[in-house]
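Worksheet: one structure, shown below.
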Amino acid sequence: MSENARTSERTLGDPIVITEGVKKWFGDFQALKGVTATVREREVVVVIGPSGSGKSTYIRCINRLEAHQEGTIIVDGTELTNDIKNVEKIRSEVGMVFQQFNLFPHLTVLDNITLAPQWVRKQPKAEAEEFAMGLLERVGIPEQAEKYPGQLSGGQQQRVAIARSLAMQPKIMLFDEPTSALDPEMIKEVLDVMKELALGGMTMIVVTHEMGFAREVADRVMFFDYGTIVEEGTPEHFFTNPQHDRTKLFLSQIL
Amino acid sequence: MSDMMTAPELEIAPEPPPKGPGIWMRDNLFSTPASIIMTILSAIIVVLFYRGLLGFVFNPSGRWDAVTFNMKLLMVQAYPPEELWRVWGSVGFIFVMAAASFAMWRMGGMAEPRNVGKGLMGSGAGIVLGGILAPFSSSGRLAWIVTGIVLLGAGWALRTLTGERAKQPIIPMMGLVGIGMAVIAAIIWTVEIPYPGRDADGAQTIIQQGIATTTTIPWTIIFALTAITYAIFRLVAGKSSGGAIRGTLTVLWALSFPVLLLIVLRDPGLDWSRAASFYLPVFAVFAVVGWLILAFVSRPSVGEFGRIIGALLLVVSFISFAFSMPFAIRFLLLFLALFALAAPTFGGEGAANRRYLLGWIGTVAVTTIGSFIIASESLIEVPGSFFLGGLSLTIVLAFTSIVLSFPLGIILALGRTSTMPIFRLLSTTYIELVRGVPLITWLLVAFLMLPVALPDGIQIGGVMRAVGAMTFFNAAYLAENVRGGLQAIHTGQREASKALGMSTLQETVFITLPQALRAVIPALVGQVIATFKDTSLVTIVGLFDLLHMARQVIPAQSQPFSFLGSIKWTLVFAAVVYWMFTFTFSRVSQRLEKKLGVGER
């Protein structure tokens, strides 16, 4: 495909996620060894790396599903601390899509999407449902609104999960390996939705193994290994002319 | 997706070759020498047991007259006969509500003729076998065998005459229930059952006579009303107003138990001047002041200050329990504090906030009206302290303690899984302490030690003490069941709700608790069944529940008829009644599991 969804059609804005020297330990194991990076508004950053390299931990620190122990994380001008009110405010502005979808199995698709807008954003029910139907339209499954998550395919569930995050009208979207639990024929439908989102100007940080997506959509690729950013750059630079030995080794193994 | 391709046509699975009963028996009962021996041995045991059972039930010198003569005692103890319409009305209300609900929610479904036929043939065979085994007179034996053969034939006819349609669900289950009720109505009008009587010399004997019209007429009316209600609501069910009717029914169900118990059955003597001078002002003050406080703290701009107000109100409400005052005020203070604490989570702006404030007014209304009614004396004149006894007392004890122990159990479970060490410690201590001591001990504590410990002037009736002991005991068990459900929830669910910005309270109410409760329905129903049976322990502290009647009251009667030595029959009757209730619970829970399992397949 020659379609290019990158910077040519988007102009990057001010820095919106700033991380500086972020360190994180799980017991004695150090998952992050001082990660410094900045993500700008409307930028699409793809994070790749071998498993256990700290890439998931890094994006989970950005909405504080994991608490970092050293360094600073500033999201949309607010520093993440133990203040739970601050954290809840930031979480409502940062959407997250998980590898295992994590839809609420006891609620219909529509209720999954409208629950948080109604109770966190205090939107009236009718308004929230109208917006949710618009989102389902956008991800291509408006006819599934009254079904339960268990009745949908993996790809459909992940699209509902994306719609659920978008319902909070987030400024930033985090994707934690969104296609890793999907059958191959369903990966494309999810990636298409993400691509459309990127074209629409959403700020996105995506942990994924889909190199095609990285090449086509990312403004920047970060390569994580052993809890640090080993190398980063534009996809062109990254895939055609990697500098670091570990990056070369990783790319030779997966490409 | 819309661009679905047409799938290749599916082939129909081949029918398994038809198997006659002979082949079925060879395959399943007599396949190996060991299974032949086991089959014959089990058959002998079943036949011997069945024969023994029938011999006991139909023994002409059995004392079933102790049960039939004392039926009212077993059900409602000394409830005044001229007030019995209250009891029948309550029973009828429950039946009518059940019929309406079954129709509106389209429960029951359809049965296949071959299964109905199988059931008929099975019961027919059982009745024929019973006719052969039981100690009947020859005419009785003949009647049984003929009835059995008729049922066998009907079942067989249903299976064969429906032909191809035998495997399709075409028989409405509710129709079968209706036929069942009609049969029961016919039986109670015609059957003759043993009653105590006197022979020509004045000696006590057992005579056979029909059931009194004071029993048959109410039941017939109830059955008829049930059938009519079902038919009417079945017609309404498809209409657009169905949702509103279902909502109304749900509210009626929620209100039915307290209203039937406290107003219909208890018949409180309401003192309206007291209502005007005390309860109305209390309602007005709490409604208005509460509204103002809640409207203030639920404003998003108030923020943390609102929670501080809520916490202060909670402290005030706890302090109120140390002073002597009408209990309505104490509970209203407590509810106001809880509403204030939850206001930032569930209130807010616009419609949500209006709903929240109306919820508060509703809570104040229910609390004041409830306190007014409970504080009034009952006008039902019975000897003893409580107006119900026998089965009705058993039901009151069971349902009240079950309903009250659920919220307490859930709070304890949340406390035990909380991240706050003080809550964990308190909940764990409570659960381990209460569970570690037998219920019977707690009942004795409530009856023997509580009166000593209570301050002067506070008296709690015996039934309330038993309910209290059972509630606190059950809550500990329920808490452990709910905790199991909470721990079974995938961490992804919590992460997803956190990632959406939900507070811990919202996450608990909307995500974790509903899933946890659903996951442990079997355990919760097990607990409900255990509670229902455990009510029989109150016999030890002198309450007149069903078992107490069957075990001590009736077998000790000597006037006007002597029922000395009738304990075997009264106990069997009590056992059957307990079983009928618990079996219903377990069936309902199976249905509930199926219904709620929809989304999780």
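Fair warning: this is a prediction, and the values are worked out from it, not measured in the lab. Chain naming here is simple, since letters A, B, ... match the order of the sequence lines and numbering starts at 1 in each.
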**Q.** Heavy-atom contact with chain B under 4.5 Å, split by part of A/Lys85
**A.** side chain
Q | Heavy-atom contact with chain A under 4.5 Å, split by part of B/Gln506 | A | side chain
Q: Establish, yes or no, whether the cationic atom of A/Arg159 lies under 6.0 Å from the six-membered ring centre of A/Phe101 and within 45° of the ring axis.
A: no
(Q) Taking the ring centre of each residue, are A/Phe98 and A/Phe175 less than 6.0 Å apart? (A) no
Q) Which atoms of A/Arg121 come close to chain B, meaning under 4.5 Å heavy atom to heavy atom: side chain ones, backbone ones, both, or neither? A) neither
Q) Can you say whether A/Glu88 sits under 4.5 Å from chain B via the side chain, the backbone, both, or neither, judging by heavy atoms? A) both
(Q) Between A/Val87, A/Leu103, A/Asp111, who has the most heavy-atom pairs with chain B when the cutoff is under 4.5 Å? (A) A/Leu103
Q. According to the interplanar angle, ranging from 0 to 90°, do the rings of B/Phe305 and B/Phe296 count as parallel (below 30°), tilted (30 to 60°) or perpendicular (above 60°)?
A. perpendicular
Q | Contact origin within B/Thr491 toward chain A - heavy atom pairs under 4.5 Å | A | neither
(Q) Can you give me the closest heavy-atom contact between B/Trp360 and B/Phe335, atom names plus distance? (A) CZ3-C, 3.9 Å
Q) Does a side chain donor of either A/Asn102 or A/Arg164 reach within less than 3.5 Å of an acceptor in the other side chain? A) no
